[in-house]
Amino acid sequence: MLPYINVPFEYVGGRIGASVDELKLIFSFLISYPLAAVLKRIPDSKPWQKNVFTISVSLFYLLGLFNLGTGLIVLLINAIGAYAIAFYIDGPFMPWIAFVFLMGYMSVSHIYRQIVEDPSVVDITGAQMVMIMRLTAFCWNVHDGQLPESDLSDFQKDRAIRQLPSLLDYFGYVFFFPSLLIGPAFDYVDYERYITTTMFNLPPGVDPSKAPPTRKKRRIPRSGRPAGLKAATGIGWILLFLNLSGYYYPDYLLSPEYMTHGFFRRVWLLHMVGVVTRMKYYGVWTLTEGACILSGIGYKGVDPVTGKASWDRLQNVKPFAIELAQNTHAYLGNWNINTNHWLRNYVYLRVTAKGKKPGFRASMATFITSAFWHGFYPGYYLTFVLASFNQYIAKNARRLFRPFFIEVPSPTAAPPTPGTKPKEQGTKYKIYYDIATWFITQAAFSFTVAPFILLTFSASMTVWVRVYCYCIIGVIASVAFLFSPGKAYVVKQLKRRTGTDKRPEIARQESARAGTTLGLPDDPEQELQEIVAEVKKEIESRRQRGMSVDLDVKKVVQEKLDALRNRKADDEKKEL
């Protein structure tokens, strides 16, 4: 660490009540903007200079600002280990070997972090978590680059690494300073296209006059305005957090004063602690995204009509979409977006054999990966398990009740164009449905995410009990309803309203999209019902053929699990 560098942070921290490391973290995000502007101005013809610059800045952050010498060694072990595995090991097991090595080593860091238990001190686990996403994706991309294109999906073709990069390019990618400490993560091909400026090629057929404006001879479009907007937004969220965290903070939920309020006031305070805690993440993720935009790597393309550039390639959070979410998919899908993409593309879709569709095994592997990636605090697991129940209930409730608030299409109406989603027209009561689902979603997740903030089992259970476990009671009541005659009655009324015997398709389509949202399992009831139906069908088929019906149940169930979700293939292909 540089001499006397802590002095200004100690002074400011003493005035506003913030820790030195927290202030230095914010400082690193802010100083990344002028440094990103310098990076952008390095000649496009000299990508090696860009690599050297970004590595040098990252070393300054780790050694000069935070004194994370041991942390640097941890990151180097991860990076060198992954590169060596990709270089020396051939075959289908290479990415899995890298995955086990990287996740296992990160688990050690999580355990050490949990033992130290000082959230005010910046350690290396945050940067390591981001690096794990980059390196596991890198190994899969190298693996894909060794396969014929006929064996790859469109996504894999676009991400494949056909030739192992030089060490300088590789470490420039690994230590890209605007996203070093907390992300966002991205694939190596994005970095390669960035430093070689091929990212900024106009798509075929686009009029060159529609190209976004640049300065001088640079190919990177001007990005000062969108980056400045992100910086202002991020600072705004952080200022809100600093001003409100004195009123709504986790320890207050455990204090005797909290219990002096009535039930509804306690729920409101619980909700606000969650909102204020999220503001910190909204702020820092928005700041780092802005620095990535200013450097140019946040570029996502250009509108061929207006020539307006899009800069949301690395967007990691959509705050208002979360706070206004009316269902679990919107709530979770707009949080930590890049982690969702990583889990889907490099876990969920990778544990399934070629020619088969992701099933229960894929969902469970993704859930476990997400849990281990976050760490080992009991609060994480309480949140994940309860959130999976919330997701299950929300899907079924949407399937059962939402159609009552949607106008039934006229029999004479023209069918929708193939490949397009039919437009829905809400009834005059749809606004009440929207308000109710927003309230239920927010109240449920205010309860559900509390352990994610409190971390320990005892603190989490204390707060849950203090609000009478209202979400758990709601989950039990909802599951009981879904297995009661009440569900059959609602389905009967729904069929009468729609005039069809077909099962509603809304939730099925969402299920294909949300199956890996933060690693939460997909619809377990639907999966188990389909497994049972398939096993019964297999037994009946064997009887008709005069064969023995003494099935290896475990084997049959596993086969059916692997064969599930065939109906979702089109949705998955579209996403890829």
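Here, residue 1 is the first one in the sequence, and each next residue gets the next number.
Remark: Lys430 pairs with Asp434 by the salt bridge (charged side-chain N to carboxylate O under 4.0 Å, His left out) rule, at least two apart or across chains. Scanning for side chain to side chain donor-acceptor pair (under 3.5 Å) contacts around Asn316 gives Asn336, Asn338, with sequence neighbours left out. Residues satisfying the side chain to side chain donor-acceptor pair (under 3.5 Å) criterion with Thr125, sequence neighbours excluded, are Asp123. In terms of the ring pair (Phe, Tyr, Trp, His ring centres under 6.0 Å) criterion, Phe401 has no residue partners (sequence neighbours excluded). Taking the side chain to side chain donor-acceptor pair (under 3.5 Å) definition, one finds that Ser28 meets it with nothing, sequence neighbours left out. By the side chain to side chain donor-acceptor pair (under 3.5 Å) test, Ser446 is found to be paired with His271, residues two or more places apart in sequence or in another chain being considered. When the salt bridge (charged side-chain N to carboxylate O under 4.0 Å, His left out) test is applied to Glu323, the partners found at least two apart in sequence or on another chain are Arg278. Listed by chain and residue number, nothing satisfies the ring pair (Phe, Tyr, Trp, His ring centres under 6.0 Å) test with Phe404 (two or more places apart in sequence, or in another chain). Judged as a ring pair (Phe, Tyr, Trp, His ring centres under 6.0 Å), and not counting sequence neighbours, the contacts of Phe376 are Phe372. Evaluation of the salt bridge (charged side-chain N to carboxylate O under 4.0 Å, His left out) rule for Lys318 yields no partner, not counting sequence neighbours. Scored by the side chain to side chain contact (heavy atoms under 4.5 Å, CB included) test, Ser460 finds Leu382, Pro451, Leu454 as partners (sequence neighbours excluded).
Counting only heavy atoms from C-beta outward, the side chains of Gln391 and Leu332 approach each other to under 4.5 Å. In this structure, the side chains of Val273 and Pro250 come closer than 4.5 Å at one or more pairs of heavy atoms. Between Val475 and Phe447, every side-chain heavy-atom pair lies at or beyond the 4.5 Å cut-off. Thr277 places none of its side-chain heavy atoms less than 4.5 Å from the side chain of Tyr248. Counting heavy atoms from C-beta on, the side chains of Arg265 and Leu269 come closer than 4.5 Å. Here the side chains of Thr427 and Tyr433 are not in contact, with every heavy-atom distance at 4.5 Å or above. Looking at Asn327 and Thr437, their side chains never come closer than 4.5 Å, going by heavy atoms from C-beta outward. In this structure the side chain of Phe186 reaches within 4.5 angstrom of the side chain of Arg134, judged on heavy atoms.
Between the side chain of Ser388 and the backbone N or O of Val385 there is at least one donor-acceptor pair closer than 3.5 Å. Side-chain atoms of Thr286 do not come within 3.5 Å of backbone N or O of Gly234 as any donor-acceptor pair. A donor-acceptor pair under 3.5 Å is formed between the side chain of Gln442 and the backbone N or O of Ile322. With hydrogens and angles disregarded, no donor-acceptor distance shorter than 3.5 Å links the side chain of Arg402 to the backbone of Ala397.
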Subject >> Derivation of the side-chain contact (heavy atoms from CB on, under 4.5 Å) call for Val276 and Leu240 >> reply: CA-CA 8 Å; Val276 173; Leu240 275 175; over 6 Å; no
**OP:** Test side-chain contact (heavy atoms from CB on, under 4.5 Å) on Val351 and Trp96 and set out the steps.
**Re:** CA-CA 10 Å; Val351 297; Trp96 294 114; 3.4 Å; yes
**OP:** Decide yes or no on side-chain contact (heavy atoms from CB on, under 4.5 Å) for Leu455 and Tyr380, but give the supporting numbers first.
**Re:** CA-CA 7 Å; Leu455 299 178; Tyr380 295 153; 3.5 Å; yes
**OP:** Give the intermediate values and the outcome of side-chain contact (heavy atoms from CB on, under 4.5 Å) for residues Gln114 and Ile111.
**Re:** CA-CA 5 Å; Gln114 192 166 334; Ile111 292 171; 5.6 Å; no
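Around atom CZ of Phe263, more than 12 heavy atoms belonging to other residues, nucleotides or ligands sit under 6.0 Å away. Other residues, nucleotides and ligands contribute more than 12 heavy atoms inside 6.0 Å of the CZ atom of Phe99. Within a 6.0 Å radius of CH2 in Trp268, no more than 12 heavy atoms belonging to other residues, nucleotides or ligands are found.
Between atom OH of residue Tyr331 and atom OG1 of residue Thr328 there is a gap of 11.0 Å, rounded to the nearest 0.5 Å. For the atom pair CZ (Phe389) and OG (Ser478), the distance works out to 11.5 Å, reported to the nearest 0.5 Å. The distance from atom CG of Leu242 to atom CD1 of Ile26, rounded to the nearest 0.5 Å, is 7.5 Å. Taking CD of Glu289 as the reference point, atom CD1 of Ile293 lies at 4.5 Å (rounded to 0.5 Å). In this structure, OH on Tyr381 lies 14.5 Å from CZ on Phe457, to the nearest 0.5 angstrom. Rounding to the nearest 0.5 Å places CD1 of Ile440 at 11.0 Å from CG of Asn390.
Asp21 and Ser19 form no side-chain donor-acceptor contact under 3.5 Å, judged by distance and modelled atom types alone. In this model, a donor atom of one side chain and an acceptor atom of the other lie less than 3.5 Å apart for Tyr61 and Ser32. Inspection of the Tyr377 and Arg113 side chains reveals no N or O donor paired with an N or O acceptor under 3.5 Å.
Taking all atoms of both residues into account, the shortest heavy-atom contact from Ser109 to Val74 is OG-CG1, 4.2 Å. The shortest non-hydrogen separation linking Met103 to Thr369 is CE-O, 3.8 Å. Heavy-atom minimum distance, Tyr258 versus Leu253: CD2-O, 3.3 Å. Residues Gly183 and Val130 share a closest heavy-atom pair of N-CG2, 3.4 Å. The nearest pair of heavy atoms linking Val490 to Phe481 is CG2-CZ, 3.8 Å. Residue Ile337 comes nearest to Gln315 through the heavy atom pair CB-O, 3.7 Å, listed as atom of the first residue, atom of the second, then distance.
Sorted by first then second residue, the ring pair (Phe, Tyr, Trp, His ring centres under 6.0 Å) pairs that include residues 274-293, not counting sequence neighbours, are Trp237-Tyr282, Tyr281-Trp285, Tyr281-Trp335, Trp285-Trp335.
Ring pair His374/Phe452 is perpendicular by interplanar angle, where above 60° counts as perpendicular and below 30° as parallel.
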